[in-house]
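These notes are about the structure you will find just below.
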Amino acid sequence: MPSSARCFGTNFLGRLESPICSSNAEQDDHSLPFDHFGEAVAIAIPHGPSSDATLECVRVDMMQNENKSDHHCHLYEGKNNILIVRRAQEFQMTLQFNQPVNPSDKFQVEFYIGINTNVLNGTKIIISFDGSQTGNWTGRMLKQQGDECVVGITPSADAIIGKYYTNVAVIGSNGVSRTQKDSGTDFYLLFNAWASNDEVYMPNEEDRQEYVMNENGCMYQEESGGGKQWYYGQFVEGILDACIKILDDSHMPLVNRGDAVKVCRIGSAMMNSQDDRGVLVGNWSDDYSGGTAPTFWIGSDQILLQYANKGPVSYAQCWVYAGTFNTFLRCLGIPARVITNFNSAHDNTGNIITDLVFNSVGNVLELNERLTRDSIWNYHCWNEAYLSRLDLPAHQDLGGWQVVDSTPQETSDGYFRCGPCSVKAIKEGMLGYQFDAPFVFAEVNSDVYKYKLNTQTGKTELLSVDTTYVGQKLLTKSIGGNNYEPRDITETYKYPEGSSKDKETMKNAERTYRTHMQYDDEQGVEMTLEIPQERVKIGQNFQMAVVFRNLSEDTRTIHGFLVGSTIYYTNIQRAQFKQETFDVTLHPMETSRIQVVVLAQNYMPQLGCQSSLRFVVTAKSMENNQDMMAIQIVNLKGPELAFAISGPAKVNQEVYVKVEFTNPFPFSLHDVRMAMQGQNLISYRERLYR
């Protein structure tokens, strides 16, 4: 397995006796036939066996088929001749010797990972069968018949994950003779969600089948559950080696790779290439020349294979990062899932509040993009990993699902990464526990403070506080192989808005950050913006309404202004396509609706690759100078693909799949690129239509 990683610490002399190994690709040579006991070993090692022991191991069978099935590793492709097992669970080996084994014979099985291996740090494992034990791995004799022995090996629950190699050593009175190095006895060791003493243990089998074994997922990009299916492909040939290469390229010491929290944290940093030549290059523009548009990817396997062969892959946005990270986690055995948070806040200022600053231009409020550092994305995808969190206080019970996010947003300990962060801690407002809890809390539960800037004095006036806009809904895929129905998990992150528990959570968070501010929002007129209930297709005209409710006993005169813009899903404006002003007089306790017509001919020329429209309405009550604001996003529905199969699908019989796309627009489409892939049915392929 080629890798650019090497043992870290070239200038270790005078500081360390040997370098810290951070590469699973490199190996010591422990296959010299004979190691002599005594001082002679420091001078020379014989090149031929000269042990006085007559016993010799002539064959090692790793029993791949039996072990893989028992360890739920039978789906890994391209690994038919190499063992893959999970830690904290016994696997079996058959050892054949040149003669029957006598009680006086001494032999041991040795496992190594990396170079400069050491029993004390878990990179060298010695298993004896005479009752003695070194380290946390255990072994036992299961069967002995003639010249064959079947032994059982149980790796420790905190064993280093990665690729090991194997020797069988026979011990004589004057030295040790070992088997020659044989790639057929190498094996991969993974995290184990089936083992109760592993930190990634997940007690429910249905959950394990979904969050470790399922290769199919869905990226939800609409609150209604719309989105795109995604192929994780964690068992595709080459993916396991690619995931280990990612750890090597990060220079993560091998001794830390038994810690799932640290592996998640390194993986979060390495999925993006922002500061470490990681897997994916981010791009939130409309220019994807020199790479692949984020919207074109349909799975993670092609991304990881390309990275393993060529380096960082262009381009990604949040759902691509999340999908690829999910593959990495599941491939290594960590239960994981992709989450979509709608109206996801990005708190740049670190105060767990989303601050929006507006300029007052006449009777109109316009967002001050220079002073507004925070933002609210239409949606944002991240991952959850299932970990027991042994690094946190046990009495707080903060294990379970943990937020991990690889989209490069903010740095954490010097790298663009986020988490793991306990979901339970977020729900309770317990923001003092590592990692990155304040940022995650703000994403799902921050209040939105809208300020008006006085351009003459530079001072700001608080206009309104919206406590419900952020974190409208959080979705993930439902359990079941091909069940793509969304599952609403909002309640795992936050209590119902306005409930006593919600108020307690906010107090806990505000107590930590001292962010509480008083605000009186009873000013007489309430304004809302209503958008169509049914999805609007790209190219359609539609109507919306601005609704005013006068809650006072006085007449109010309202001057309003609406701006329509095309935006990226990060809520950044791409182009403005509509402006409209209106005036309305409201009698006491009266409600009035202003109808707004949106024409496709206006927004179509300004659309980018993501079809979202943002409407911002600002209004002022002239009698008491009350400022009002409402924001709504309209996600347009794109054209659909139609699939048709030529007939019933039968095992080992060819079947044809037809994919149809009808151009619904009154203009021609050029350079249309189509990709297709089917698990166990059709390999990845794509076609360009000019």
In this structure, is the centre-to-centre distance between the rings of F358 and Y451 below 6.0 Å? no
The residue among D405, N341, T570 that forms side chain to side chain donor-acceptor pair (under 3.5 Å) with H380 is D405
In terms of ring plane angle, is the pair W401 and Y211 parallel, tilted or perpendicular, where the classes change at 30° and 60°? perpendicular
V212 backbone acceptor or donor facing Q234 side chain under 3.5 Å: yes
Look only at the side chain of D436 and the backbone of V440, and say whether a donor-acceptor pair between them is shorter than 3.5 Å. no
Between R535 and E222 (salt bridge meaning N to carboxylate O under 4.0 Å), is one present in this structure? yes
With ring centroids as reference points, do W297 and Y231 lie under 6.0 angstrom apart? no
Are the side chain of S499 and the backbone N or O of P496 linked by a donor-acceptor pair below 3.5 Å? yes
S592-R549 side chain donor-acceptor pair, cut-off 3.5 Å: no
Under a 4.0 Å N-O cut-off, is there an ion pair linking D502 with K494? no
Between D627 and K450, is there a salt bridge with N-O shorter than 4.0 Å? no
Heavy-atom closest pair, residues C218 and K477: N-CD, 4.4 Å
So that I can tick it off, tell me whether R593 and E530 are bridged by a salt bridge, with the cut-off set at under 4.0 angstrom between side-chain N and carboxylate O. yes
How are the rings of Y288 and Y315 set to each other: parallel, tilted or perpendicular (split at 30° and 60°)? tilted
Write down the atom of A385, the atom of L329, and the distance for their closest heavy-atom approach. CB-CD1, 4.4 Å
Would you call K658 and E660 a salt bridge, taking side-chain N to carboxylate O under 4.0 Å as the test? yes
Given side-chain contact (heavy atoms from CB on, under 4.5 Å), test N272 with T407 step by step and report yes or no. CA-CA 7 Å; N272 67 76; T407 300; over 6 Å; no
Taking all non-hydrogen atoms of both residues into account, name the closest pair between N508 and G429 and its distance. CB-O, 3.5 Å
Is the Y220-W230 ring centre distance short of 6.0 angstrom? no
K578 bridged to E580 by N-O distance under 4.0 Å: yes
Aromatic plane relationship, W377 with H346 - under 30° parallel, 30 to 60° tilted, over 60° perpendicular: perpendicular
Search all heavy atoms of Q409 against all heavy atoms of F439 and return the closest pair with its distance. NE2-CE2, 3.7 Å
What pairs of donor and acceptor atoms, side-chain ones from residues 539-546 against any protein atom, are under 3.5 angstrom apart with sequence neighbours left out?
residue	atom	partner	partner atom	Å
Q540	OE1	K537	N	3.1
N541	OD1	A600	N	2.8

Which pair of heavy atoms, one from A442 and one from A345, lies closest together, and at what distance? O-CB, 3.2 Å
Testing the basics here: between V465 and L462, what is the closest heavy-atom pair and its distance to 0.1 Å? CG2-CD2, 4.0 Å
Any donor-acceptor pair under 3.5 Å linking the side-chain atoms of W319 with those of Y379? no
Would R673 count as a cation-pi partner of F296, with NZ or CZ less than 6.0 Å from the six-membered ring centre and within 45° of the ring normal? yes
